[in-house]
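Structure first, then comments.
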Amino acid sequence: MIASAAPAVLTIAFGLSYSVLIFSGPLVAYLPYGIAATFTATAIIAAVVALGSTFPFAIGAPETSTAAVTAILAASLVEHIAAADPSAPLLGPVLLTLSAATIITGVVLCSLGLTRIGHAIRYVPYPVIGGFLGATALLIALGGVRVITGLSVRLDTLPSFANAMTVYELLAGCALAFTIYRTWHRSRNPLALPAILIAGIVVTHIVFAFAGLSVEQAQALGWTFKSLPRASLTMPWHLDDIGNYPWQALPGLIGNLIAVIFVTAISTLFNTTGIEVATNREANLERELNVAGAANILSGLFGGYAGCISLSRSLLNASSGATGRLSGLTVSAIAVLMLVADPALLSYMPKFILGGLLIYLGVDQLNRWIVESRRRLSTIEYLSLLAIIFIIVKWGFVAGVVIGTIIGCATFALSASRISSIKFGFNGAEYRSSLDRSRDDLALLASHGKEIHGLNLQSYLFFGSANRLYQHVKALLLHHPECRYLVFDFRLVTGIDSSAAYSFAQIRRSAIESGVKLVVVNLPPATEKMLRSGEFLSGDVLVMPELDHALEWCENEIIARHRGLAQEEGDLQGWFAAILGSDQDAADLARRCQRIEVGAFEIIARAGEPADSMLFILNGRVGVMVDAGEGRTTRVRSLGRHTTVGEMGLVARQPRSATIQAEVDSVLYMLRADAFKAITTDNPALGQKLLTYFMSVMAERLTFASRMIGVLRR
């Protein structure tokens, strides 16, 4: 009970400042009702939190942030009522709205706790929360100015602040706020704040006495609150108030209602987490939400407004020695005593005392969310926070949250897209399968292993990161033209979106153009479905279960291809040696030829084109096609392995008389005209042997043609 004295005094001071914040302007005449609503909420919330919280020393009450959004909700309702009917009553609709909003907030908090989805609110981007609470702090500070001067801070009201008395009042409020900062803010002595407030009241009345001002004159000049009649506790749920409620104003209040719910939930979660960190005690978050929800439902039913567990007062209570729930119940009992206090005592309270306290609270929160957060946030996040504050102050909380969330998501997407989706890359010369191989195979892989390139992917792939991956693959294929196999490992990929699937389709097209085989491993079912819908996975993309088997397959392909090329070169050299009668001439001719592979039915050369080359057919079969009229062609000759075609055009330098088309997959060696000319210049003997071979081939074909003509003339 002794430990609860300090948080109880703070609760009274804060409660009075919240009352004048909410019931200011047109509602100032109903301030006693506001004080009653404040301490009703305090008594109920403090009792429920004390009995139900995870922390036995917890203190619950309206908080600075919840009071600020409640004040905005009340001011918005008053504006709607005044716009529709300036003579309409205000008290009933305001109390009804605050109570209903508090009950709805309690229901939502209980829903978050019971469904265990309260943690989802922690996924709201930090700049959105910081901007939201920063805007709330700014509105609290501006509310303090309004309490002191009775004027709202707007462009059209700025000339009114030029009044000398108004300037003195503001200077007094700022001086009090600075005094609180210099003493209580730095020392956190539980007696410092009550001492400052009491000393401020005493010093102010001493100054009034020296200036010859009576209490009534001070009230007339605006230094103190006007004498207020005693207001009995009133329940908001009267049939007359419900029947006369301005329902047409309800749509305009939805945004502010959402703000009350959001701020109360955020404050509950943040304050609970702060107490966890400060006391090294783990809280049951769902229980705290349920307790806060029940407290707000009861508060609304009895005419109070929203509140939650208090971080500062709970820690002050714990540091003062409180270990049980009696401290919170004591604060609740003291709040009940405030309900029977004479409201006329408020007429002795200088406005700048409570207004200065509000200015301090607002500026303190602004310092936390605008100044201190600059060290924790990147430039983009910090600018987003400032933009959200401006949007909320200008257009309201809903616009700020919606636009802020969009900004936060866009900022996250931009930041995430800068993170490489490639954990690491490798080639087949430095990273191989686990299969043991012979020395010859290992030597071959050491020479040609760079034909394999692998990319180990990570994180969630979306439009930003996937496009960077596509650009990386394009650069890889450009700088490594020897690449023939590209392996993607999806083991560390958590997901993929449709735009990323499109980027993979682009990767596939680039690979096809470069003659690269794509291999995909460790592909989750959901990702595989998305890639198939994006037309990435098809017959030419190999899907394998894991990386080791994929590397083994690629290595086998490289070994088979290069070993086959070695055998093929030996076969070519043997054929040329048989034609030319010399291994040296055979090697020289083979060196000057260009190897090409053609698929079945592929056109190699067309009739009428310049005859600038001839072909040695090492494997496969090609056909010589001539025009048969009416768009048809007919085959006049078919040439198999170890034959030649095009040598007549190469020697005569005349356009091709027929079209050459592959009939099956074939391997050809092309001797171009410039290479043939170089042979006749550099190695005349080889050139003479080639001409002799060409003549023998043409003589053989002429003999065959003569026989055919003879048969046809029978």
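When reading the values below, keep in mind they use all heavy atoms of this one structure, side chains included, and skip hydrogens, waters and symmetry mates. Here the structure is a predicted model, which is why all the values come from computation and not from measurement.
You'll find the side chain of L253 stays beyond 4.5 Å of the side chain of L257, heavy atoms only. Between L329 and L51 there is a side-chain heavy-atom pair separated by less than 4.5 Å. Counting heavy atoms from C-beta outward, I81 and P93 have side chains that approach closer than 4.5 Å. Between I148 and I359 the shortest side-chain heavy-atom distance falls below 4.5 Å. Looking at heavy atoms from C-beta onward, F55 lies in side-chain contact with T272 at the 4.5 angstrom threshold. Inter-residue side-chain proximity for T166 and S160 is flagged as unmet; no heavy-atom pair is nearer than 4.5 Å.
Remark: side-chain polar atoms of T224 are not paired, donor with acceptor, to backbone N or O of P350 under 3.5 angstrom. S314 places a side-chain N or O within donor-acceptor distance of the main-chain N or O of I59, the cut-off being under 3.5 Å. Checked by atom type and distance alone, the side chain of N367 never pairs as donor or acceptor with a backbone atom of V363 at under 3.5 Å. Proximity of a side-chain donor or acceptor of R374 to a complementary backbone N or O of Y382 within less than 3.5 Å is not detected. At least one donor-acceptor pair closer than 3.5 Å links the side chain of T115 to the backbone N or O of S111. Between the side chain of S17 and the backbone N or O of F14 there is at least one donor-acceptor pair closer than 3.5 Å.
Within the model, atoms CG of L109 and CG of L114 stand 11.0 Å from one another, a figure rounded to the nearest 0.5 Å. The CZ atom of F352 sits 9.0 Å away from atom CD1 of I201, with the distance rounded to the nearest 0.5 Å. Between the CG atom in L298 and the OG1 atom in T102 there is a gap of 11.5 Å [rounded to 0.5 Å]. Atom CG in L301 sits 4.0 Å away from atom CD1 in I103 (nearest 0.5 Å). Summarising the geometry, atom CD1 belonging to I353 is positioned 4.5 Å from atom OG1 belonging to T204; distances are rounded to the nearest 0.5 Å. Atoms CG and CG, from L138 and L366 in turn, are 5.5 Å apart once rounded to the nearest 0.5 Å.
Across all non-hydrogen atoms, the minimal contact from E169 to T149 is OE1-CA, 4.2 Å. For C308 against T268, the heavy-atom pair with the smallest separation is CB-OG1, 3.3 Å. Contact record, I309 with A58: CD1-CB, 3.6 Å, taken as the closest heavy-atom pair. When every heavy atom of I334 is checked against every heavy atom of A8, the shortest pair comes out as CD1-CB, 3.4 Å. Nearest approach of G303 to S99, heavy atoms of both residues: CA-OG, 3.5 Å. Contact detail for A306 and T264: the closest heavy-atom pair is CB-OG1, 3.8 Å.
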Would Y33 and V94 satisfy side chain to side chain contact (heavy atoms under 4.5 Å, CB included), going step by step from the backbone distance to the final call? CA-CA 11 Å; Y33 294 92; V94 167; over 6 Å; no
Verify side chain to side chain contact (heavy atoms under 4.5 Å, CB included) between I12 and M338, making sure each step is shown before the conclusion. CA-CA 8 Å; I12 294 172; M338 288 299 299; 4.0 Å; yes
Could you go through the side chain to side chain contact (heavy atoms under 4.5 Å, CB included) check for L16 and L357 one step at a time? CA-CA 10 Å; L16 290 174; L357 179 58; over 6 Å; no
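By the salt bridge (charged side-chain N to carboxylate O under 4.0 Å, His left out) test, E288 is found to be paired with no residue, residues two or more places apart in sequence or in another chain being considered. Listed by chain and number, the residues in a ring pair (Phe, Tyr, Trp, His ring centres under 6.0 Å) with F23 amount to none (sequence neighbours excluded). For S214, the side-chain contact (heavy atoms from CB on, under 4.5 Å) test picks out E216, Q217, with sequence neighbours left out.
In this structure, a donor-acceptor pair under 3.5 Å is present between the side chains of Y245 and T97. S267 and S65 are linked by a side-chain donor-acceptor pair at a separation below 3.5 angstrom, with hydrogens and angles left out of the test.
Heavy atoms of other residues, nucleotides or ligands lying less than 6.0 angstrom from OH of Y168 number 12 at most. More than 12 heavy-atom neighbours from other residues, nucleotides or ligands sit within 6.0 angstrom of CD on Q248.
Sorted by first and then second residue, the salt bridge (charged side-chain N to carboxylate O under 4.0 Å, His left out) pairs with a member in residues 50-75 read E63-R313; sequence neighbours excluded.
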List, one per line, each side-chain donor-acceptor pair under 3.5 Å for residues 71-80, sequence neighbours excluded.
from, atom 1, to, atom 2, distance (Å)
S76, OG, N256, ND2, 3.2
H80, ND1, S76, O, 2.7

Output a table of donor-acceptor pairs, distance under 3.5 Å, between side-chain atoms of residues 170-177 and any protein atom two or more places apart or on a different chain; print 'none' if there are none.
none

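Checking T38, T66, T64, T42 one by one against Y18, the side chain to side chain donor-acceptor pair (under 3.5 Å) holds for a single residue, T64.
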